[in-house]
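One structure below.
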Amino acid sequence: MPSNDQTSDITRWASEDGHFRRQASVFRDTIEPNGAFPPEAGRYHLYVSFACPWAQRTLIVRKLKGLEDAIGVTIVSPLLGENGWPFANAAAFPQAEEDSLHPEFKHLKELYFQVNPEYKGRFTVPVLWDKKNETIVNNESSEIIRILNTSFDQFSASEVQRKLDLYPEPLRGEIDATNSWVYDTVNNGVYKAGFATIQNAYDVAVKRLFESLDRLEKIFSGDKNYLVGDQLTEADVRLYTTIVRFDPVYHGHFKCNLGSIRHDYPNINRWVKNLYWNNAAFKDTTNFSHIKTHYYWSHPQINPTRIVPLGPKVDIEPL
C-alpha cells in the first residue's frame, strides 16, 4: 500500500488572483491494438463518482456502448474532503463502494500514489485503470469517452451498440468546434462562476455562461433533439452532465442564477428531459443524491454549514 500521506489539493479551487483555472490531466495514454494497452475484456476498470459531471460522461458512454460486462466500475463516495475522493470504507454513503481491486485503499489518491509515489497533481475522477499492469491509463474524461466509443467495439453487448458511433467522421469538425465553446463557457463556465473569489471573475463567467445558454436555446429550437447533426453524439453527452446538474446545484450553489433551465430555457429543458427519460444510459447514471450531497457538502468555502437543500421540488421535470 502506498505510504505517501500527502493530502490532495482537490478542494483548493481558486487561483491567487480570484479566477478558477482547471489543472490539466496528467495520464493521457490510449487503448489500441498492438499498443501498450491493447483492448481486452475484463482488463480495464473505471473509477468514477456519480456526483462528478466529467466522470458521468464515461458511465454514459460505457452504457451506451454496452460495455458493462467488459469494463468494471467502482463508485466513490460523494463526501470529498481534504484527502480527495474517498471509498465507502472511508466515507460510507448509499451506492458508494469500496475498492474491490485494492480493499485496503480508503481514498482514490492511493491509486495515484501506487503509480507514482511522488505524484503532486490532483486526484481526480474518472480514472481508467489497467488491472494487468496496475497503472492508470488515462484520467482525462474527454479522451476516455473516445476510447470507449471505438476501442472495445468487439465486446459490445449488441450489434446496435457496437455500431453506435458518438464521434462520426462527417460531424467531427462540428463536434470539436461545439465542444470547445461549450466546455469553456458552460461545462467549465459554471465552475469559473462558482469558485471565483473576486466579483469581476464571477461576473464575467456568469455572463458568458448565460450567453452560451441563450445560444444553445436557439440551437435546440423547433424539433431539434441533438446538439450536432440529427443523431446522438459525444457533444450531447458532454453537455448533458452539466445541464442535468444546473437547477439542483449550479443555479444556487454556484450562484448561476440569472435563470434556470426549467423556467427560462424550454428548448434546453425539452432536450435534457428527452435524454433522461428516454435513454437509460443517461437516467441510470444520474444520481441526484450523490450530486447534491457532494456539491453542498464538499465545498465548505462556499457552503460552510454543509446543509444540503431540499429543492428543487423535483430534480428533473417529467416529460
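FYI, the numbering just counts along the sequence from 1.
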Are side-chain heavy atoms of [X] and [Y] found at a separation under 4.5 Å?
X: I75; Y: V48; value: yes
X: K65; Y: D153; value: yes
X: P39; Y: Q154; value: yes
X: N138; Y: P126; value: no
X: E110; Y: D99; value: no
X: L128; Y: Y44; value: yes
X: H294; Y: H299; value: yes
X: I144; Y: V127; value: no

Under 3.5 Å: donor-acceptor pair, side chain of [X], backbone of [Y]:
X: K109; Y: G84; result: no
X: W277; Y: E317; result: yes
X: Y119; Y: R122; result: yes
X: N257; Y: G252; result: no
X: N267; Y: E217; result: yes
X: E98; Y: A88; result: no
X: K131; Y: G42; result: yes
X: Q161; Y: S156; result: no
X: T58; Y: A55; result: yes
X: R62; Y: A70; result: no

Nearest non-hydrogen partners of [X] and [Y], listed with the distance:
X: P86; Y: V76; value: O-CB, 3.4 Å
X: I31; Y: P38; value: CG2-C, 3.8 Å
X: L80; Y: W85; value: CD1-CE2, 3.3 Å
X: D315; Y: P248; value: O-CG, 3.8 Å
X: P309; Y: I307; value: CD-O, 3.6 Å
X: H251; Y: G259; value: CD2-O, 3.2 Å

Just verifying a value: how many Å separate [X] [atom1] and [Y] [atom2], rounded to the nearest 0.5 Å?
X: L213; Y: I261; atom1: CG; atom2: CD1; answer: 5.0 Å
X: F50; Y: S77; atom1: CZ; atom2: OG; answer: 12.0 Å
X: L111; Y: N139; atom1: CG; atom2: CG; answer: 11.0 Å
X: L239; Y: T178; atom1: CG; atom2: OG1; answer: 10.0 Å
X: T135; Y: D130; atom1: OG1; atom2: CG; answer: 7.0 Å
X: N149; Y: L64; atom1: CG; atom2: CG; answer: 9.5 Å

Stepwise, does the side chain to side chain contact (heavy atoms under 4.5 Å, CB included) test hold for V182 with N179? CA-CA 5 Å; V182 167; N179 285 345; 5.7 Å; no
Strictly below 4.0 Å, N to O, side chains only: are K224 and D230 in salt-bridge contact? no
Going by an N to O cut-off under 4.0 Å, is there a salt bridge joining E211 and R208? no
Pairs in or reaching into residues 67-79: which pass salt bridge (Lys or Arg N to Asp or Glu O under 4.0 Å), with residues at least two apart or in two chains? K63-E68
Applying a strict under-4.5 Å side-chain criterion to I, L, V, M, F, W and Y, I'd like to know whether [X] and [Y] cluster together.
X: L79; Y: F105; result: no
X: L319; Y: Y226; result: yes
X: F288; Y: F93; result: no
X: I198; Y: V190; result: no
X: L209; Y: I302; result: yes

Criterion side chain to side chain contact (heavy atoms under 4.5 Å, CB included) on N116 and Y112, from CA distance to verdict: CA-CA 6 Å; N116 178 8; Y112 282 82; over 6 Å; no
Has R215 got its NZ or CZ under 6.0 Å from the middle of the six-membered ring of W181, at an angle within 45 degrees of the ring axis? yes
Cationic tip of R146 within the cone over Y167's six-membered ring, i.e. under 6.0 Å and within 45° of the normal? yes
Which ILVMFWY residues are connected to L310, directly or by a chain of links, through side-chain heavy atoms under 4.5 Å apart? none
For a side chain to side chain contact (heavy atoms under 4.5 Å, CB included) check, start with the C-alpha distance between L216 and L227, then their side-chain angles and the critical distance, and finish with the verdict. CA-CA 8 Å; L216 288 165; L227 182 52; 3.6 Å; yes
Taking the inter-plane angle between the rings of Y250 and F254 on a 0 to 90° scale, is it parallel (under 30°), tilted (30 to 60°) or perpendicular (over 60°)? parallel
Taking the inter-plane angle between the rings of F246 and F210 on a 0 to 90° scale, is it parallel (under 30°), tilted (30 to 60°) or perpendicular (over 60°)? perpendicular
Centre-to-centre under 6.0 Å for F123 and F113, is that the case here? yes
Give a yes or no on whether the ring-centroid distance for H102 and F87 is below 6.0 angstrom. no
Verify the distance criterion only: is there a donor paired with an acceptor across the side chains of [X] and [Y] at less than 3.5 Å?
X: T74; Y: H45; result: yes
X: R270; Y: N225; result: yes
X: N303; Y: W297; result: no
X: T241; Y: R57; result: no
X: E140; Y: S142; result: yes

Looking at K207, I want to see if its NZ is surrounded by more than 12 non-hydrogen atoms of other residues, nucleotides or ligands under 6.0 Å. no
Just checking K132: does its NZ atom have more than 12 heavy atoms from other residues, nucleotides or ligands closer to it than 6.0 angstrom? no
Name the atoms and distances for all side-chain donor-acceptor pairs under 3.5 Å in residues 280-287, with sequence neighbours left out.
unit_1	atom_1	unit_2	atom_2	d
T285	OG1	Q56	NE2	3.1
T285	OG1	A281	O	2.8
T285	OG1	F282	O	3.3
T286	OG1	Q56	NE2	2.8
T286	OG1	Y240	OH	2.8
T286	OG1	F282	O	2.6
N287	OD1	S289	N	3.2
N287	OD1	H290	N	2.9
N287	ND2	Q95	OE1	2.9

If you apply the rule side chain to side chain contact (heavy atoms under 4.5 Å, CB included), what do you find for L101 with Y47, and how did you get there? CA-CA 11 Å; L101 303 182; Y47 290 88; 3.5 Å; yes
